[in-house]
Amino acid sequence: MIKTLDRLLDHLTMYRLVLYSLMALLGTALVLSFLDRVPHDPSALALATGLVLAACWITNRVFAYIFEVPANSESVYITAMILVLILDPVAATDFKGIGATAFASVWAISSKYILAVGRKHLFNPAALGVALAALLLDRPATWWVAGNVWLLPLVLLGGILVVRKLRRLDLVATFFGVALATILATTDPSQYGTALAETFSSSPLLFFAFVMLTEPLTAPTTRWPRIAFAGIVGFLFAPNIHIGSFYFTPELALLVGNVFAYAVSPKGRFVLTLERIEQTAVDSYDFIFRSQRKLAFQAGQYLEWTLGLDRSDNRGNRRYFTVASSPTEQSVRLGVKFYPKSSAFKQALGTMRPGGTIHAAQLAGDFTLPSDPKIKIAFLAGGIGITPFRSMLQYLIDRNESRPIVVLYGTESQEDIAYREVLASARRELGIRTFHAVAKGAERGQYPGYIDARLVRLTMPDYLERTFYISGPQAMVDALRKRLLAMGVRRSRIKVDYFPGFA
């Protein structure tokens, strides 16, 4: 069941998944409004939807043109639908309400451009829009989507899918734990049952956590800062938390968390210019970019890459890819494998020529070398999953830093082997050996077939003392993790690199 779900999610980007979830929620709410199961008039809900979508779309187009950045329609529609679901719908005769709704929409989108540092927006757009509407126009968010029992199953289903897609259970679980603990700590024990029932049935807890807290651009990018972020927001989310007469609302709690996230996260967005393209294997290419300023990252981390597309497909115009270059190199290297039916993003990437530009942001990832150079490591790579290891190995080569590493590299054929020169240099200069597992056409000295328990035992008799890094297609990663656990490798010694989709 989980494997089937992951395969389906692998072919959807995170943004598209959130968009579909919100569309399902809003569409269901509109149908229920005709049946009097939602406490809003259908015409008011339809008017609010049209108004918010139009205001957000126009605002985004204007600012994208002024700031000369790719316009991302998915994020606009996501922000718009969140606003519709948490602000009260307005009637055609409610001019103040229409003005406040438009005000929240315009500020939500414009904050991505105006309240940005290094072209990276600081605050969650929807949270900022409703916070300003509440503070300046006395039009607070009612979070009506969260208080409707008929919509709760969709909130839960969409939220579970988003958390699974993003692998952000640590974020959401921490938020739930801290929020509930704070609510109970500030509630009379005799009212615990009522407080918990209201929290889950009529408060924004679930919708807020699944849809807004998980927004990646305004949350920390590594695990422990992410958990601290969730704890801060969870504490301030509790309705009884206040400073004097000032009480926090969910959106204000998130904005405070956004400030913390900015303080502990990599700063800014990068505009990268293509210098050249190198073929690394059959259907695999490295796009080598130069940056106007130095990109500080750890070997093995990834970036979100954005292209301006005239016509996108259901996978959108943003992708997560590992940085294949080393922090010691001047250029930024993006390694990509092209499939027969590639997405619109990859088709546009494939037509890039030197001088073309791409936008990169949201540097993230914990799939990095351990701080202790004495720890024994095993790199297990499948196909294009070799890219983070190329980054790490080149980093060690440039620093002349020898570590006890063994590389197992699985490919379908000889033509699929990438980065031969880097692998050879690592062996020659640092003594780091690579063992190739080739499914079809294995040559002398190579292992015929895929990476398996037998190959692990043959190449590293001390495998129980090693920390395993696994990178590649999700099915391969899952299979190898299970085999290692069955071989007695402790769960804490298995690190996996997550690829958000095949795109």
Side-chain angles (χ1 to χ4, degrees), residues 280-281 284 286 298-302 322-329 333 335 337 365 367-370 372-439 442-473 476-477 479-481 483-484 487 489 493-497 499:
T280 57
S284 295
D286 269 13
Q298 295 183 62
Q301 290 189 305
Y302 62 82
T322 300
V323 182
S325 51
S326 161
T328 54
E329 296 177 291
R333 186 179 290 259
K337 182 174 179 63
F367 197 74
T368 56
L369 289 166
D372 184 355
K374 297 179 181 178
I375 292 178
K376 293 182 178 181
I377 302 172
F379 289 164
L380 276 55
I384 197 62
I386 192 69
T387 50
F389 301 135
R390 190 269 178 204
S391 175
M392 296 179 195
L393 292 174
Q394 188 63 56
Y395 173 76
L396 296 175
I397 292 168
D398 291 341
R399 289 170 53 89
N400 193 29
E401 181 180 330
S402 181
R403 292 201 183 202
I405 298 174
V406 174
V407 182
L408 304 186
Y409 184 13
T411 56
E412 286 293 324
S413 67
Q414 299 294 327
E415 292 76 18
D416 290 306
I417 299 175
Y419 306 125
R420 292 176 183 267
E421 292 183 2
V422 174
L423 297 174
S425 295
R427 178 169 184 170
R428 183 175 59 252
E429 299 179 28
L430 303 178
I432 297 175
R433 299 184 64 189
T434 297
F435 297 90
H436 293 277
V438 182
E443 297 178 351
R444 185 177 181 181
Q446 296 177 338
Y447 188 76
Y450 299 101
I451 299 173
D452 57 17
R454 179 172 178 267
L455 180 60
V456 171
R457 291 190 176 99
L458 284 173
T459 55
M460 50 190 100
D462 59 351
Y463 70 89
L464 289 177
E465 302 172 14
R466 293 184 178 269
T467 297
F468 286 81
Y469 286 64
I470 314 174
S471 175
M476 184 210 87
V477 171
L480 284 178
R481 178 165 46 188
R483 286 173 189 162
L484 290 173
M487 294 169 65
V489 178
R493 288 195 171 182
I494 302 175
K495 294 175 67 72
V496 299
D497 192 23
F499 282 75

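Only a predicted model underlies this, so the values are computations on that prediction, with no experimental measurement involved. Atom set for the values below is all heavy atoms of this structure, side chains included, hydrogens, waters and symmetry mates excluded.
Between Tyr463 and Met487 the shortest heavy-atom distance is OH-O, 3.4 Å. The shortest non-hydrogen separation linking Lys374 to Pro404 is O-CG, 3.7 Å. Between Ala426 and Leu393 the shortest heavy-atom distance is CB-CD2, 4.3 Å. Across all their heavy atoms, Thr467 and Lys495 have their closest contact at CG2-CD, 4.4 Å. When every heavy atom of Ala324 is checked against every heavy atom of Gly335, the shortest pair comes out as CB-N, 4.0 Å. When every heavy atom of Leu380 is checked against every heavy atom of Phe389, the shortest pair comes out as O-CE1, 3.5 Å.
Under a cut-off of 6.0 angstrom, the local environment of OH in Tyr395 is sparse, with at most 12 non-hydrogen atoms contributed by other residues, nucleotides or ligands.
Here the side chains of Arg454 and Tyr447 are in contact, with some heavy-atom distance below 4.5 Å. Proximity of Glu329 to Asp398: side-chain heavy atoms (C-beta onward) are separated by under 4.5 Å at one or more points. For the pair Leu480 and Asp452, the minimum side-chain heavy-atom distance is 4.5 Å or more. Gln301 places none of its side-chain heavy atoms less than 4.5 Å from the side chain of Val323. Leu396 is listed as a side-chain neighbour of Ile405, based on a closest heavy-atom distance under 4.5 Å. Looking at Arg466 and Val406, their side chains come closer than 4.5 Å, going by heavy atoms from C-beta outward. Ile377 has its side chain within reach of Leu369: a pair of non-hydrogen atoms, C-beta onward, lies under 4.5 Å apart. Using a 4.5 Å cut-off on side-chain heavy atoms (C-beta onward), Arg390 and Thr322 make no contact.
Remark: side-chain polar atoms of Arg403 are not paired, donor with acceptor, to backbone N or O of Ile432 under 3.5 angstrom. Between the side chain of Thr368 and the main chain of Ala299, no donor-acceptor pair closer than 3.5 Å is present. Within the 3.5 Å criterion, the main-chain N or O of Glu465 finds a donor-acceptor partner in the side chain of Arg493. No donor-acceptor distance shorter than 3.5 angstrom exists from the side chain of Arg333 to the backbone of Ser391, with no hydrogens or angles considered. Under the 3.5 Å distance criterion, the side-chain polar atoms of Arg481 are left unmatched by any main-chain donor or acceptor of Ile470. Panel note: side chain Thr459, backbone Leu455; a donor-acceptor pair is recorded below 3.5 Å. In this structure a side-chain-to-backbone donor-acceptor pair under 3.5 Å is missing from Arg483 to Ala453.
Of the inter-residue distances, the one linking Ile417 atom CD1 with Glu412 atom CD reads 11.5 Å to the nearest 0.5 angstrom. Atoms CD and CG, on Gln394 and Leu423 in that order, are 10.5 Å from each other to the nearest 0.5 Å. Rounded to the nearest 0.5 angstrom, Glu401 CD and Glu429 CD are separated by 13.5 Å.
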Go through it in stages, so that I can follow the logic: the residues are Lys376 and Met460, the test is side chain to side chain contact (heavy atoms under 4.5 Å, CB included), and I'd like the CA-CA distance, side-chain angles, deciding distance and then a yes or no.
CA-CA 10 Å; Lys376 293 182 178 181; Met460 50 190 100; over 6 Å; no
One pair to check against side chain to side chain donor-acceptor pair (under 3.5 Å): Ser425 and Arg428. What are the steps and the verdict?
CA-CA 5 Å; Ser425 295; Arg428 183 175 59 252; 3.1 Å; yes
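Using cut-offs of 30° and 60° on the angle between ring planes, the pair Phe379 and Tyr469 is perpendicular.
Side-chain atoms of Asp416 and Thr411 form no donor-acceptor pair, as typed in the model, at a separation below 3.5 Å.
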